[in-house]
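Some notes on the structure that comes next.
Letters go in sequence order (proteins before strands), and every chain restarts at 1.
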Amino acid sequence: MKASRKDMLFFLTLTPFSISLLAILVIAILILISRSFEAFNAFGLSLFTSSIWDPEHSRYGLLAPIVGSITTSILATVTALVFSVPLAILLAEYVHDLVRDILSSIVELMSGVPTIIYAMWASMYLAPILKTYVMDPLSIYLSFIPIFSCKPITAFTIFTAGISIGISITPYVTAMIFESYESIPTTYREACLGIGATRYETVKVLLSLAKPAVIASIILGFARALGETTIAVTTIGNSMYLGSCIFSPGYTVSALIASQFGNAYLYRYAESVLYSSALVVLVVAIILSFIGLSLMSRWRRRVVV
Amino acid sequence: MYKWRKLKDRIFFAVILILSIIAITPVIHLIVVTLANGLSVIIRAGPSFFTSIPPAPTSKDVGGIAPSLVGSLMLTALALPITIVIALFSSIMVNEFPRNPLSIAVDVVAKSLASIPTIAVSMVVYLLVVVPMGTFSTLAGVVALTIVSLPYAYTYFSTYLRSIPETYREAAYSIAMSRWKTVTRVFLPIIRRGVLVTVLMTMARILGETAALLFTVGRYRIGVSTSILGPTDALPLLIFDYILTPYRNFQEIAWGAAALLLIAYLIIFIATKLAVRGVKL
């Protein structure tokens, strides 16, 4: 349809709104870049290869929080995956009608609970439980494995943060896996049932078809875990630790920002260092979510149509 | 052979069921303990929980959350309409003119905004609003909350708009309706429940957001502030600060505030469920 004058006018009235949306991201990135320059100039690459937080002497290195972010996000994604694949399969295959409505409502409910409430619950209830029943036993019996090698002194560790964030992103990952699983055409299922496959075998076939979508969900879940702040800062114990053990307190980049940015203006470079760390997380999160989204839509075009 | 396959099928179902039960246990436990802890604090404090300011760290009385409650309500009341308007118009534009470069850019940017950490938003708004103004303010909080919830509302709106079958557009055009009229008279009425759901979910999102407020609204707790240009407080921020303290009465306040927040969320959630019920296209 050719655009008439009226359409043009309609388009023009909408532009201010969409331009303001566009401007937000552009301005945000530009500001972060410009503020990061100072730190990049002062420390160069050592900002990302050393691990110091010493505002008194203006020495900074972000390796520990970066590694901490990656470790917690991996733990979170694994946790989320362990729970969301079964949950999605249960929803799609085994329950129907009322039970299905209730279960999917619960998943939906979970995904909207404010993260601050997850954070509070995790720090008051989950952390002590994990320490007594998971971290203590593992550090005693499996201490020959490097990641379990240290004894948890408090309940607030990298491990706790990873599991807590994992629980909070489970509904998000579940919804994505469920949706892709449901969008597989019925012909595949009929084919499976036609050759007398059991339900387990059917699920195995369908899940292997949905594998790219599951991978995309993992990437998107990882990106979300990376940006999670509230839960991280309340459960990770906030200390500048770099090592292989996940039972010690640590930092994620967001947790570092949340706990240090308030006083950062007092010290030279501190603010700039924090801006550059935010920039890194932001860019990585955007790239990951693009990879995830494009994988997802490519899979959809290939399988669903 | 068949027996073995049958057995494997059973084992598989058992594993799925057990893991699923473990997966939903946290949220149920979370709701139960938050309501139990929080409501007992609120009942003990009585109505003054909603009208007085937080206590001194070591004092005996529970105190209240009035500054944060008023702050949260104000922030939501201001940020929600701005978010909804920008998100709705942007999504209409992308839906109506999908091949326009501006629309493509908007779609891409909305998706990337959804993935940026909210703490980064807080830092940017701190530089853009708080530093020039020289003070933390409700305004800064509103800006941060709008940025955080925009992509969220946008995604909802565009999903609903895209779910409208093309036949409706064709029908509208065939009776010589303009594009503008098609959107306002046909599309928006079709998705009206979707719009309601979006407004409610965005509201829940704004009410519960914490990280975006860390460096924007300040932490004004010595009295109730209704000033837009002055510092204020919010419920999530209060909870965030108080759970990290060792003081017992601070933690009690935090539980009370968390219960209140959770109840607000549950009400919104039930309202959205009622709104979607009976949507047939």
Between B:L262 and chain A, with a heavy-atom cut-off of 4.5 Å, which part of the residue counts as in contact: side chain, backbone, both or neither? both
In terms of heavy-atom proximity below 4.5 Å to chain A, should B:L235 be classed as side chain, backbone, both, or neither? neither
Pick one of side chain, backbone, both or neither for B:L30, based on which atoms fall under 4.5 Å of a heavy atom in chain A. both
Shortest non-hydrogen pair, A:W121 vs B:P26, comes out as CH2-CB, 3.5 Å
Closest heavy-atom pair and its distance - A:M120, B:A258: SD-CB, 3.7 Å
Residues 7-19 of chain B side chain polar contacts: donor-acceptor under 3.5 Å, at least two apart:
residue, atom, partner, partner atom, Å
B:D9, OD1, A:Y200, N, 2.7

Find the one option among A:L220, A:T234, A:L279 whose heavy-atom pairs under 4.5 Å with chain B are most numerous. A:T234
Any non-hydrogen side-chain atom of B:F89 less than 4.5 Å from a side-chain atom of A:P16? no
Given the options A:E108, A:E271, A:E93, which has more heavy-atom pairs under 4.5 Å with chain B than any of the others? A:E108
B:L214 versus A:F261: any side-chain heavy-atom pair under 4.5 Å? no
Which region of B:V108, side chain (C-beta onward) or backbone (N, CA, C, O), has a non-hydrogen atom less than 4.5 Å from a non-hydrogen atom of chain A, or is it both or neither? both
Against chain B, work out which of A:I24, A:L293, A:I117, A:I286 has the most heavy-atom pairs shorter than 4.5 Å and name it. A:I117
Does any backbone or side-chain atom of B:A259 lie under 4.5 Å from a heavy atom of chain A? Answer side chain, backbone, both or neither. neither
Taking side chain as C-beta onward, heavy atoms only, is A:F10 less than 4.5 Å from B:V183? yes
Donor-acceptor pairs under 3.5 Å, side chain of residues 113-131 of chain B to any protein atom, not counting sequence neighbours: which ones?
residue, atom, partner, partner atom, Å
B:S115, OG, A:S289, OG, 3.0
B:S115, OG, B:S112, O, 2.9
B:T118, OG1, B:E209, OE2, 3.2
B:S122, OG, B:A211, O, 3.4
B:S122, OG, B:A212, O, 3.1
B:S122, OG, B:F215, N, 3.1

